[in-house]
Amino acid sequence: MGKEIPSRQEDYSLWYNELVKKADLAEHSDVRGCMVIKPYGYSIWEKMKQALDKMFKDTGHVNAYFPLFVPKSMFEAEEQNAEGFAKECAIVTHYRLKNDPEKKGKLIVDPAAKLEEELVVRPTSEAIIWSTYKKWIQSYRDLPLLINQWANVVRWEMRTRLFLRTAEFLWQEGHTAHTTAAEAIAETKQMLDVYAAFAEQYMAVPVIKGKKSEGEKFPGAIDTYCIEGMMQDGKALQAGTSHFLGQNFAKAFDVQYAGKDGKLEYVWGTSWGVSTRLMGALIMAHSDDDGLILPPKLAPIHVVIVPIFRNDDELTKITEKINPVIEALRQQGLSVKFDSRDTHKPGFKFAEWELKGVPVRLAIGPRDLENGTIEVARRDTREKQVMNLDQVSHQIPALLNTIQENIYNRALSFRDNMITRVDTFDEFKKVLDEKGGFVLAHWDGTSETEGQIKEQTKATIRCIPLDASEENGSCIYSGKPSAKRVLFARAY
RNA sequence: CGGGGUGUAGCGUAGCCCGGUAUCGCGCUUGGUUUGGGACCAAGAGGUCGUCAGUUCGAAUCUGGCCACCCCGACCA
């Protein structure tokens, strides 16, 4: 009955798709590869934005907005970057439609309105931003330039999945310019730390910080750093990236500054971003077969209250009793939903709010009115307890903190159990097939080996962990010497 | 772009082989009884059967073109 979703064990990807739709997060639109983010899903994204935006501001960044369209010539300027995205760019070639003379009521592209120069719909904004920075930067006094933008971007993906990979998605992209390489590298790492802190403290998703291999890095970057999370099906998900761009874009767009000594130097750059893909990570890291499990810090509704009543009179009495509790919870900054609909039974409401992942549910009925109590249920453990009505509003904030910690710890121990060290290629393949998760193994550092392993196992090097300890060993594939283990996984 | 599949009410489907304008469930509307874990009964509303053309007295059903979507592959920071 009602909205049931398939179990994770039956079909993980079907479970994910159905959960996204049934929990009212998003749905496919009539536009191929694009999704509609529904109000409930969007409010989670808004909470993410809010927290991240504050973290960016606290580290000295300011927001700005750059255009959606990038002239093709500008896009070409940084070759590596342009080539990397060329295969998935949407292009604007015309600027006008006209009535179809053949078919009434139909529109056709007006061939007379062809653009002199095509416009690329941004797959990322380095080109337009660096060509603007050229105008903004003359002196060392103009640096560092620390700018972020919240925007949509378009990458014409062949196969799409709600939140994880769509043709258009929402993200933020930070673009900074610095006088020295050291400062730019420090910025790159700082923002990686910001992302990791956000993932762990707000999303309750533990992540591994690391550096991408040559093959996996951002085209146009010198180094790409990332945070990698582990999903419940044993596949890895890249949740954020931070790039040290060196002087690549400065040279491509001729962005130079005069130093104190009057000499012209190219600036050093970084860029970093997270996207609505984080929604996918959030969903897949915590949720269960009954629906979403949201960390309190990102839940649009912290507490839902379900009254149990047989008639208007009982509802009135419950409302009178519960209103002060609602008020007290809101005073503490919590978002509270009082679900007094008389069109659905309590059991239906319980199931619905569980599907939507509301962390805490309160239920109050005639029996509670007599006893001065209320039932408190946690979404993460499904535990129920009865509390005194006059104490409940004081205890909820602590309970929410407990839930936030619990789902983080649960995800952390799952993730830790999903890291396996292997020393042979046979073991490597066996672990990937039978257990999944991250595999820590020695690698000779060549892209040939990386490519061979990818081809044979579909596993990629997720990152070279920043905290990897020096350890002499030999590459699982080639047997050549290796100084540290890298993190492999099959990934989203 | 290759290989396979599907298109019937808001959603999920039956019917298609063997032509006669459409089945069932969920949801929706109305009324009543219900309400401490996804209520029940009754009465309703809703479909140019993806699209265009052809065959036929007659097409959801047969034939062809087109379109869209899904799966596998290729591709993918």
Side-chain angles (χ1 to χ4, degrees), chain A residues 1-6 11 13-14 17-18 21-22 27-34 80-81 83-89 103 123-124 126 153 155-161 164-167 169 171 173 210-221 223-228 236-243 245 271-275 277 290-291 306-315 318 339-355 361-371 373-377 382 384 386 454-455 458 460-463 491-492:
Chain A
M1 287 303 181
K3 296 177 165 183
E4 282 185 9
I5 54 174
D11 187 336
S13 66
L14 192 61
N17 281 137
E18 289 300 306
K21 283 185 268 193
K22 297 266 169 67
E27 63 190 33
H28 285 108
S29 73
D30 293 334
V31 187
R32 200 203 77 97
C34 297
Q80 296 305 110
N81 185 51
E83 267 177 41
F85 286 110
K87 296 182 293 297
E88 51 193 51
C89 284
K103 286 182 189 163
T124 179
E126 270 79 3
V153 288
R155 296 176 190 179
W156 215 259
E157 301 288 353
M158 299 298 280
R159 288 178 76 172
T160 58
R161 296 202 56 196
L164 297 174
R165 175 168 286 123
T166 46
F169 56 92
W171 77 344
E173 45 183 326
K211 192 194 230 184
K212 285 291 184 192
S213 67
E214 278 300 301
E216 295 280 330
K217 77 169 195 197
F218 176 67
D223 285 316
T224 289
Y225 296 86
C226 62
I227 52 172
E228 294 282 330
L237 184 110
Q238 177 180 298
T241 52
S242 184
H243 314 288
L245 303 175
S271 67
W272 28 274
V274 295
S275 71
R277 193 174 216 219
D290 295 315
V306 177
I308 291 143
F309 58 96
R310 287 187 213 89
N311 50 53
D312 285 353
D313 189 42
E314 278 183 2
L315 177 60
I318 290 168
D339 186 357
S340 60
R341 287 177 293 175
D342 61 2
T343 50
H344 295 279
K345 289 180 65 175
F348 179 91
K349 295 178 185 176
F350 291 175
E352 181 167 83
W353 294 113
E354 278 162 9
L355 179 63
R361 180 188 72 230
L362 305 179
I364 179 166
R367 234 156 42 211
D368 294 299
L369 289 185
E370 274 178 37
N371 303 334
T373 55
I374 192 162
E375 183 190 80
V376 180
R382 316 209 60 171
K384 292 181 198 175
V386 175
K454 181 177 176 181
E455 202 173 300
K458 296 201 165 149
T460 50
I461 297 177
R462 301 319 303 154
C463 67
Y492 278 100

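Throughout, a chain's letter reflects where its sequence line sits, starting with A, and its residues are numbered from 1. Reckoned from all heavy atoms, side chains included, excluding hydrogens, waters and symmetry mates.
Every residue two or more places apart in sequence or in another chain that forms a side chain to side chain contact (heavy atoms under 4.5 Å, CB included) with A/P123 is listed here: A/F75, A/F85, A/C89, A/V120, A/R155.
In this structure, the CZ atom of A/R161 is 17 Å from the C1' atom of B/C75, given to the nearest Å. In this structure, A/K21 places its NZ atom 14 Å from C1' of B/G10, rounding to the nearest Å. Straight-line distance from the NZ atom of A/K345 to the P atom of B/U35: 7 Å, rounded to whole Å. The distance from atom CG of A/D312 to atom P of B/U34 is 14 Å, rounded to the nearest whole Å. What separates CD of A/E314 from P of B/U35 is a distance of 9 Å, to the nearest Å. Rounded to an integer number of Å, the gap from A/R341 CZ to B/G38 P is 15 Å. One atom, CH2 of A/W353, and another, C1' of B/G37, lie 16 Å apart when rounded to the nearest Å. For the pair A/I308 CD1 and B/G38 P, the computed distance is 12 Å after rounding to whole Å.
The side chain of A/R367 has B/G36 as its nearest neighbour among B/C76, B/G36, B/G37. Distance from the side chain of A/R361 is smallest to B/G37 among B/G38, B/G37, B/G36. Checking B/G36, B/G37, B/C75 against every side-chain atom of A/E375, the shortest atom distance belongs to B/G36. Side-chain proximity of A/E157 to the nucleotides B/G37, B/C76, B/U35 is greatest for B/C76.
Residue A/T124 holds its OG1 atom at 4.5 Å from CD of A/E173, rounded to the nearest 0.5 Å.
You'll find the side chain of A/E216 stays beyond 4.5 Å of the side chain of A/C226, heavy atoms only. Put simply, the side chain of A/V306 reaches to within 4.5 Å of the side chain of A/R361, judged on heavy atoms. Between A/K217 and A/D223, every side-chain heavy-atom pair lies at or beyond the 4.5 Å cut-off. In this structure, the side chains of A/P6 and A/E18 come closer than 4.5 Å at one or more pairs of heavy atoms.
Distance noted for atom P between B/C24 and B/A45: 14 Å (whole Å). For the P atom pair drawn from B/G64 and B/C17, the interatomic distance equals 15 Å after rounding to whole Å. The C1' atoms of B/A60 and B/G7 are separated by 11 Å, rounded to the nearest whole Å. Rounded to a whole angstrom, the distance from the P atom of B/U34 to that of B/G15 is 42 Å. For the P atoms, the distance linking B/U63 with B/G20 amounts to 15 Å, nearest Å. When the P atom is compared between B/A22 and B/C18, the two are found 22 Å apart, to the nearest whole Å. Using P as the reference atom, B/G32 and B/C16 are 43 Å apart when rounded to the nearest Å. With both ends at atom P, the span from B/G54 to B/C11 equals 30 Å, rounded to whole Å.
Counting non-hydrogen atoms under 4.0 angstrom, A/D342 reaches nothing in the nucleic acid. Residue contacts shown for A/R277 are absent, as no nucleic acid heavy atom lies under 4.0 Å away. Residue contacts shown for A/R462 are absent, as no nucleic acid heavy atom lies under 4.0 Å away. As judged by a 4.0 angstrom heavy-atom cut-off over every strand, A/K211 is placed among residues making no nucleic acid contact.
Taking only distance into account, the side chain of A/R310 never meets the base of B/G36 through a donor-acceptor pair shorter than 3.5 Å. Between the base of B/G38 and the side chain of A/E354 there is no donor-acceptor pair shorter than 3.5 Å. Contact annotation: side chain of A/R165 to base of B/C76, donor-acceptor pair present below 3.5 Å.
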**Q.** Strand RNA chain B as a dot-bracket string - pairs counted if Watson-Crick or G-U with both distances under 3.5 Å, | where the partner lies in another strand
**A.** (((((((..(((.......[...))).((((((.....)))))).....(((((..]....))))))))))))....
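For A/A351 and A/N17, each mapped to the nucleotide of RNA chain B holding its nearest heavy atom, the one lying further toward the 5' end belongs to A/A351.
Contact annotation: A/K349 side-chain N/O to B/A39 OP1/OP2 distance is not under 4.0 Å.
Closest approach of A/K349 to A/R341, counting heavy atoms only: NZ-O, 2.6 Å. Considering every non-hydrogen atom in both A/I308 and A/A363, the closest pair reads CD1-CB, 4.0 Å. When all heavy atoms are compared, the tightest approach of A/P307 to A/I318 is CB-CG2, 3.8 Å.
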